[in-house]
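Following: one structure in structure tokens, then a few remarks.
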Amino acid sequence: MDMITDSKPLFRDKRRRVWELDFMRGIAVIAMCFDHMMFDLGNFRGWFSNSYDVMNPFMEKLRVLARAYWASSTDYIDGFRFWGHAVFIFLFLFMVGASCSFSRDNTRRGAEMGIASFVFTGITFALIPMGLMEDGVVFGILQCIALSIIICAAIDNLTGWNKYVNKYAPLVLGIIVLSIGIADSAWVRFSDIPYGEEWIRQAHDYVFTDEHFLGYIFGTYSFGDDWFGLFPYIGFVFLGMFWGKAAYSQRRSLLPRMNGKWNKPFCFVGRHALICYFVHQVVIAGIIIVTCLCMGYKLAF
């Protein structure tokens, strides 16, 4: 791969992109698609009016498998979904931070992502009256990414007076944020204090509450299935930003000889992560619906 010159930003030219960043982001997006597909397979019965009359053995086996997968979400010892979800969320947000170290205008990137996130939120709330969603997205992964990028831009500007401070500030902030988040999560999980009024950390609202809105953003309250408060998730972004500054100071691939046709599908998904996020649920649900209709199921809506 050619050296990246200052005359052309890294992510504006596909031929000059650092392929491994696209590849890892693509892996995270594909894992997200799998996660959401398993959720749909575990709950597809509610989409059809005659689910219990048809009871197709193939779809039932998929449903049982999917529900077992999601049941492992709370098993922090050997739960496949618990650890798998943690890994791909870390990878996705880590890559967001790494990308911040390349971009020349993170404020603009964050604002554009923010606009996209508001559009997505509007769509989710519009789907509630149709019975297609139970809760809208108030502060989901897109909002978390957008605000994290803007905060990273501010930190980059504030620390620009010294190259060492600029390089290591994201690392220090990432360690602090994640340390607080991990300690707090462990306290909630293992403490003898009842999970109730005595402890509001990560309390979940089943109805959107205006007075908890800042809590949804910072992480003291959660709402909906797609929720990613800044604490602790922005810590992953900070670590990724540090890694990008440290490992890619020359703005070129670390593994140019490994680049080839084998990684193109993953890199393609990674380059179009936002589009994939917007359309993947429609595609997955569409495939499941068409498959079920062919098996004799009838839509309930």
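Start at 1 with the first residue, then count along the sequence. Treat the numbers as computed from the prediction; the structure is a model and nothing was measured.
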List the steps and the verdict of ring pair (Phe, Tyr, Trp, His ring centres under 6.0 Å) for Phe23 and Phe266.
CA-CA 5 Å; Phe23 178 81; Phe266 299 98; 5.3 Å; yes

Evaluate the criterion side-chain contact (heavy atoms from CB on, under 4.5 Å) for residue pair Leu178 and Leu239; output intermediate values, then yes/no.
CA-CA 10 Å; Leu178 288 175; Leu239 293 185; 3.4 Å; yes

After noting the C-alpha distance and the side-chain angles of Asn259 and Lys264, does the key distance pass the side-chain contact (heavy atoms from CB on, under 4.5 Å) rule?
CA-CA 9 Å; Asn259 192 16; Lys264 297 306 179 186; 3.8 Å; yes

Let me see the working for Phe90 and Phe236 under ring pair (Phe, Tyr, Trp, His ring centres under 6.0 Å), right down to the final yes or no.
CA-CA 6 Å; Phe90 165 78; Phe236 299 146; 5.3 Å; yes

Does Thr209 form a side-chain contact (heavy atoms from CB on, under 4.5 Å) with Tyr221? I'd like the steps, not just the answer.
CA-CA 10 Å; Thr209 306; Tyr221 283 86; over 6 Å; no

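The SG atom of Cys152 lies 6.0 Å from the CD1 atom of Ile234; values are rounded to the nearest 0.5 Å. Taking CZ of Phe94 as the reference point, atom CE of Met241 lies at 12.5 Å (rounded to 0.5 Å). For the atom pair CD1 of Ile288 and CG of Leu293, the computed distance is 12.0 Å after rounding to the nearest 0.5 Å. Trp83 CH2 to Ser73 OG: the interatomic distance, rounded to the nearest 0.5 Å, is 13.0 Å. Atom-to-atom distance recorded for Ile155:CD1 and Cys100:SG is 10.0 Å, nearest 0.5 angstrom. Note: Gln281 CD to Met37 CE = 11.0 Å, rounded to the nearest 0.5 Å.
Under a hydrophobic-cluster definition in which Ile, Leu, Val, Met, Phe, Trp and Tyr are linked whenever side-chain heavy atoms come within less than 4.5 Å, directly or via other members, Trp262 and Leu254 are assigned to the same cluster. Note on Tyr277 and Val119: same hydrophobic cluster, where clusters join Ile, Leu, Val, Met, Phe, Trp and Tyr whose side-chain heavy atoms are under 4.5 Å apart, directly or indirectly. Linking ILVMFWY residues whenever their side-chain heavy atoms come closer than 4.5 Å, directly or via other members, leaves Val87 and Leu21 in distinct clusters. Val282 and Phe34 end up in different hydrophobic clusters when Ile, Leu, Val, Met, Phe, Trp and Tyr side chains are linked at under 4.5 Å. Hydrophobic clustering of Ile, Leu, Val, Met, Phe, Trp and Tyr side chains at less than 4.5 Å, counting indirect connections, unites Ile145 with Ile30.
Residues Arg25 and Ser99 have side chains that bring a donor and an acceptor to within less than 3.5 angstrom of each other.
Not a single donor-acceptor pair under 3.5 Å links the side chain of Glu112 to the backbone N or O of Arg109. Remark: side-chain polar atoms of Glu20 are not paired, donor with acceptor, to backbone N or O of Ser253 under 3.5 angstrom. Using modelled atom types, no side-chain atom of Asn106 and backbone atom of Ile149 make a donor-acceptor pair closer than 3.5 Å. When atom types are taken as modelled, the side chain of Asp105 and the backbone of Arg108 share a donor-acceptor pair closer than 3.5 angstrom. No donor-acceptor pair closer than 3.5 Å links the side chain of Asp226 to the backbone N or O of Val137. Proximity of a side-chain donor or acceptor of His272 to a complementary backbone N or O of Phe268 within less than 3.5 Å is detected.
Of all the heavy atoms in Lys261 and Pro265, the pair that sits closest is O-CD, 4.0 Å. When all heavy atoms of Val29 and Ala273 are compared, the closest pair comes out as CG2-CB, 3.8 Å. Contact detail for Gly229 and Cys144: the closest heavy-atom pair is O-SG, 4.5 Å. Here the closest heavy-atom approach between residue Phe48 and residue Cys292 is recorded as CZ-CB, 3.3 Å. The two atoms that bring Ser148 and Leu230 nearest to each other are OG-CD2, 3.9 Å, heavy atoms only. Leu142 and Ala116 get closest at one heavy-atom pair: CD1-O, 4.4 Å.
Note: Phe120 and Phe278 have perpendicular aromatic rings, judged against thresholds of 30 and 60 degrees for the angle between ring planes. Under the 30°/60° scheme for interplanar angles, the aromatic rings of His85 and Phe88 are found to stand perpendicular.
Scanning for salt bridge (charged side-chain N to carboxylate O under 4.0 Å, His left out) contacts around Asp156 gives Lys245, with sequence neighbours left out. With sequence neighbours left out, the side-chain hydrogen bond (donor to acceptor under 3.5 Å, both in side chains) criterion links Tyr233 to no other residue. Residues satisfying the side-chain hydrogen bond (donor to acceptor under 3.5 Å, both in side chains) test with Thr159, not counting sequence neighbours, are Asn166. For Glu60, the side-chain hydrogen bond (donor to acceptor under 3.5 Å, both in side chains) criterion is met by Arg45, Arg63, not counting sequence neighbours.
Using a 4.5 Å heavy-atom threshold, the side chains of Thr291 and Met295 count as touching. Contact of the Ile284 side chain with the Leu41 side chain is not registered, since no non-hydrogen atoms from C-beta on lie closer than 4.5 Å. Side-chain contact between Ile176 and Phe238 is absent, with no heavy-atom pair separated by less than 4.5 Å. For the pair Met24/Phe92, no side-chain contact is recorded, criterion being any heavy-atom separation below 4.5 Å from C-beta on. Val138 is not listed as a side-chain neighbour of Thr121, based on a closest heavy-atom distance of 4.5 Å or more.
Applying the side-chain hydrogen bond (donor to acceptor under 3.5 Å, both in side chains) test to residues at least two apart or on different chains, the pairs with a partner in residues 29-41 are Asp35-Tyr69, Asp35-Arg81, His36-His280. Screening residues 155-174 for ring-ring contact (aromatic ring centres under 6.0 Å, His included) gives Tyr168-Phe242 as the qualifying pairs, with residues at least two apart or on separate chains.
Aromatic pair Phe39/Trp70: centroids less than 6.0 angstrom apart. Aromatic ring centroids of Phe139 and Phe213 lie 6.0 Å or more apart. Here Trp243 and Tyr248 bring their ring centres to under 6.0 angstrom of each other.
Just one of Trp227, Tyr216, Phe125 meets the ring pair (Phe, Tyr, Trp, His ring centres under 6.0 Å) condition when paired with Phe208; it is Tyr216.
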